[in-house]
Structure formats: C-alpha cells, structure tokens
**Student:** 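Mind having a look at this structure? Questions to follow.
Indexing begins at 1, ligand by ligand and atom by atom, following the structure's order.
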Amino acid sequence: MLHGEAGVAESVALLRAGEVVGMPTETVYGLAADAFQPLALARIFEAKERPLSDPLIIHIPEVGWLDRVALSDDSVDRNLVERLAAGFWPGPLTILLPKHPNLPDLVTAGSEWVAVRVTSHPLFQEVMRQLGSPIAAPSANRFGRISPTTAEDVRMELGETIAGILDGGPSSHGMESTILTVREGRMEILRPGPITEDQLKEFGHVIRRECLVNTPGSLPGHYAPGKELQIIKKDINELKVPANSGVISFKGMDLGIDQLFARVEVLSPSGDLREAASNFYGALRRLDQSEVDMIFSESLPEEGIGVAIMDRLRRAEYGSKKGSGHQGDRC
Ligand code: TXA
Ligand code: MG
C-alpha cells in the first residue's frame, strides 16, 4: 500500500516501468496504466480478466491535455464540449471524443471514439503530471464485480495481481462518472452517474439511452456481488425473507421490519441521495463478505444521482442471479 508524496513517486516509477497501479479517483478507485504503453494497457485487461473488446477511459489532469488524446474536429459539437468542460471538469464527467491516432488502439478497442475525463483527485492529478502522460484506468475490480471505493477494496479485489495501490482515502462520490456523447448539438447519457440529467440540461438537449446496447456498463450483469441480490419491489410486509438475509436500506427501516434481517446497511439516515451513492458499493461489498446468505435492497428514488444508484442496483441484481461471472444478454 502506497501513501502520500513517497507513494506518488513510487506510483510514477511503477507506471513508467509499464506496471499497473490501483489509484484513487473522486468516483471509484481505478486500475491505472500509462495510456501510451500498449503492454501496460494489456496488463490492465489481464489483471481485471476483462475482455479486450471493452474500452478504457483516459484520464488527464487538466483540459489543456485534451489534444494529446483526442482530435478537435467537426464530428463533435466543440462549443458544447468546451462549455461542459468549463462546467464539470475536473470532475465525474466522461465525454466521448474523436480518438487521437497516436493513442494505442487497445484503449478504445478499435473504436474511433475515446472516452476522456479530467479527474479532480489531487493524488491522481499529481501522478499524471510527474509521469508526463495521460492514464488509462477502468474501475479497479475484477470484471463484472463490485467497484472499489477504498484502497483496501482494491487490495481485496486485485491485491495479488498488481504492482501497487496508492491510498488516497475513500472516493467521495462512490459511483462511476457519468458518460456522455456530444453529437449534433445534443448530449446522450450512456451511463448515469454523479453529474445528473438535470445538471446537463442546463447545457442543452439531453437524451438518456434506455437500451444500453454496446454502451458503457451495458452488460446487465455488471457490478454484481457473489451472493444473490433481490430488489424489494412489493410491500415489505408481504416479502418472504429467508433467515440469515442482509438488506441495503436507503434511510433505515422501521423497528420490527429491520428484525427480519440479520444485517442492515443504511445508506443515508438523512435521506441524502449523494451520501447514499457514496456508501452504496461499500454496503454491497460488506454484505457480500458477511455471513448472510442473501442480500435484499430497498429501491431508491430515481431522481438526481438516484438514477445511477438504481442503474447499478438493477445490473447487480441481474448479475447475481445469473451466477458469478455471467455477464448476461445485451438488450
Ligand atoms: O468514474 C469512472 O469513470 C471510473 C474511474 C476509475 O475513472 N472508471 C470507470 O471505468 O468506471 P470502467 O472501465 O469501469 O467503465 C467505463 C465504461 C466501460 O463500460 C466501457 O465499456 C466504457 O466506459 N467505455 C470506455 N471507453 C469507451 C469508448 N471509447 N466507447 C464506448 N464506451 C467506452
Ligand atoms: Mg467498471
């Protein structure tokens, strides 16, 4: 586990040598490699057991680095991209842009479009500045599993297979970035995240892709725990809860009902969806690692970042039912 300034220097040395390093971002922890070293990129796929067809997000420390990884041509609405960059970068927004030809094809799985974001995490930014190169980083979990929001989560997911983990404290958002395309003057949300539809609407017309064919996080079985997960859809009083079950609760449950469960994870006692998002993966992971046999979850309001939480919850439910590692059918 690497810490502080010395940890930054060690991470830079490892990345320069073509190793992969677990690194903190404001959304979730990423598994980082130098974006311009194809062999290092291949190590990401190997460590995560991720198919090569699934492209990687490129991180840069400031918007001035954009022209190293993306082209500025007429296939995107440049004015809109500039306004979004000014509004949300650094931060949890990823934009698909025309790929720079120098960027290895492995990053985009052969696509002409590269996903880019400016992370706000100071340690991640510092590593990129010292390395002098953009960093490719997917979430630092094994493919299809629960995303890590602490350095310890990364150690448990991938510890044996990676060269180092830089500890930057818990990720503040706890949920992966919002991913957007910006074409013909409109934005399309490919993956809901901390930057919400309402925030984006201030910048123009927004569409949300309902059927996630070939889009980020599109595989229904993503973010899955090893245990069966069931979203509570009917009145909880009618629900048959097997003995030794756990539950994810939004604000906490009424006395009596909580006694149906061996473990209760409350996401936000005050009912704050942002707080709930930041606690979501940790709660899922703790229940997955606990002695409970099955996990239930309340539904959360689908507004603001609640859209992203419910997106992850549904995929996790689907993935858990299909058994570990199954990625489900594309819709
Ligand atoms: O917040 C985040 O976005 C985190 C942190 C580490 O930055 N990263 C992350 O990466 O969530 P990952 O790989 O776990 O999820 C990125 C998603 C994947 O589903 C991938 O298929 C999609 O984005 N993606 C990446 N590049 C793409 C591209 N060029 N075209 C279409 N989809 C892309
Ligand atoms: Mg991921």
**Student:** May I ask which of Pro138, Ala140, Pro55 has a heavy atom nearer to atom 25 (C) of ligand 1 than the others do?
**Tutor:**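 Shortest heavy-atom distance from atom 25 (C) of ligand 1: Pro55.
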**Student:** State, to 0.1 Å, how close Gly22 and Ile162 come at their nearest heavy-atom pair, and which atoms those are.
**Tutor:**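 Between these two residues, the closest heavy atoms are N-CD1, 3.9 Å.
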**Student:** If the cut-off is 4.0 Å to any non-hydrogen atom of Ile57, which atoms of ligand 1 fall inside it?
**Tutor:**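 Answer, ordered by atom number: 3 (O), 8 (N), 9 (C), 10 (O), 16 (C).
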**Student:** Can you name the atoms of ligand 1, numbered from 1 with element, that are less than 4.0 Å from a heavy atom of Thr27?
**Tutor:**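 Listed by number with element, the hits are 1 (O), 2 (C), 4 (C), 5 (C).
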**Student:** For atom 20 (C) of ligand 1, tell me which residue out of Asp54, Leu97, Val114, Val28 has the closest non-hydrogen atom.
**Tutor:**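 When every heavy atom of Asp54, Leu97, Val114, Val28 is considered, Asp54 comes closest to atom 20 (C) of ligand 1.
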**Student:** So which of Ser171, Ser139, Pro148, Gly22 gets nearest to atom 9 (C) of ligand 1, if we judge by its closest heavy atom?
**Tutor:**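 Considering heavy atoms of Ser171, Ser139, Pro148, Gly22, the nearest to atom 9 (C) of ligand 1 sits in Ser139.
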**Student:** Over all heavy atoms of both residues, which pair between Pro38 and Leu106 is shortest? Give the atoms and the distance, please.
**Tutor:**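 Reported closest heavy-atom pair: O-CD2, 3.6 Å.
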**Student:** Within 45° of the axis and under 6.0 Å from the centre of the six-membered ring of Trp65, does NZ or CZ of Arg117 qualify?
**Tutor:**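 Because its charged atom misses either the 6.0 Å distance or the 45° angle limit, Arg117 does not stack over Trp65.
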**Student:** Quick check on contacts: which atoms of ligand 1 are under 4.0 angstrom from a heavy atom of Ser177?
**Tutor:**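 Near Ser177, the atoms of ligand 1 are 1 (O), 2 (C), 3 (O).
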**Student:** May I ask you to list the atoms of ligand 1 that are less than 4.0 angstrom from any heavy atom of Trp113?
**Tutor:**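 Numbered from 1, ligand 1 contributes 28 (C), 29 (N).
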**Student:** Examine the proximity of ligand 1 to Arg191 and report which part, side chain or backbone, both or neither, has a heavy atom under 4.0 Å away.
**Tutor:**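 Within the 4.0 Å criterion, Arg191 contacts ligand 1 through side-chain atoms alone.
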**Student:** With heavy-atom distances below 4.5 Å as the criterion, would you say the side chains of Ser139 and Leu31 are in contact?
**Tutor:**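 Not in contact.
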**Student:** How does Arg50 reach ligand 1, if at all, at less than 4.0 Å between non-hydrogen atoms: by side chain, backbone, both, or neither?
**Tutor:**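 It is the side chain that gets close, since no backbone atom is under 4.0 Å.
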**Student:** Side chain, backbone, both or neither: which applies to Thr119 and ligand 1 if a contact is any heavy-atom pair less than 4.0 Å apart?
**Tutor:**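 It is neither part, as no heavy atom is under 4.0 Å.
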**Student:** Could you tell me if the side chain of Arg263 sits less than 4.5 Å from the side chain of Leu287, heavy atoms only?
**Tutor:**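 SC-SC contact between Leu287 and Arg263 confirmed.
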**Student:** Among Arg312, Lys233, Lys227, find the one that has a salt bridge (Lys or Arg N to Asp or Glu O under 4.0 Å) with Glu317.
**Tutor:**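 Single pass found, and it is Lys233.
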**Student:** Just do the side chain to side chain contact (heavy atoms under 4.5 Å, CB included) check on Ile135 and Met23 with the steps written out, would you?
**Tutor:** CA-CA 10 Å; Ile135 281 178; Met23 299 229 311; 3.9 Å; yes
**Student:** Before giving the answer on ring pair (Phe, Tyr, Trp, His ring centres under 6.0 Å), spell out for Tyr318 and Tyr223 the whole-Å C-alpha distance, their side-chain angles and the decisive distance to 0.1 Å.
**Tutor:** CA-CA 9 Å; Tyr318 186 95; Tyr223 317 107; over 10 Å; no
**Student:** At a 4.0 Å threshold, what atoms of ligand 1 neighbour a non-hydrogen atom of Gly30?
**Tutor:**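 Numbered from 1, ligand 1 contributes 6 (C).
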**Student:** Between Glu157 and Arg145, is the closest basic N to carboxylate O distance under 4.0 Å?
**Tutor:**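 No salt bridge links Arg145 with Glu157.
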**Student:** Could you pull out the N/O/S protein atoms under 2.8 Å of the Mg ion (ligand 2), ignoring any water?
**Tutor:**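 Ser139 OG, with waters left out.
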**Student:** For a salt bridge (Lys or Arg N to Asp or Glu O under 4.0 Å) with Arg286, tell me which candidate from Glu152, Glu291, Glu265 qualifies.
**Tutor:**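 With Arg286 as partner, Glu152, Glu291, Glu265 yield a single salt bridge (Lys or Arg N to Asp or Glu O under 4.0 Å), made by Glu265.
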**Student:** Closer than 4.0 angstrom: is that true for some heavy atom of Arg117 and an atom of ligand 1?
**Tutor:**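 Contact check Arg117 vs ligand 1: positive.
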**Student:** Please could you name the atoms of ligand 1 that Ile179 approaches to less than 4.0 Å, counting only its heavy atoms?
**Tutor:**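 With Ile179 as reference, the close atoms of ligand 1 come out as 17 (C), 23 (O).
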**Student:** What pair of heavy atoms forms the shortest contact from Ala151 to Tyr29, and how long is it?
**Tutor:**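 So the minimum-distance heavy-atom pair works out to N-CZ, 3.5 Å.
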**Student:** When only distance counts, is Thr108 in polar contact with ligand 1, meaning an N/O pair under 3.5 Å?
**Tutor:**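 No, there is no polar N/O contact under 3.5 Å.
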**Student:** Go through ligand 1 atom by atom and flag the ones less than 4.0 Å from a non-hydrogen atom of Ala115.
**Tutor:**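 Going through ligand 1 atom by atom, the ones under 4.0 Å from Ala115 are 25 (C), 26 (N), 27 (C), 29 (N).
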**Student:** Among Val81, Leu80, Thr94, Leu84, whose side chain to side chain contact (heavy atoms under 4.5 Å, CB included) with Leu180 holds?
**Tutor:**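 Considering Val81, Leu80, Thr94, Leu84, a side chain to side chain contact (heavy atoms under 4.5 Å, CB included) with Leu180 is found only for Leu84.
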**Student:** Between ligand 1 and His59, can you find any atom pair, the residue atom being a heavy atom, that is separated by under 4.0 Å?
**Tutor:**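 Within the 4.0 Å threshold, so yes.
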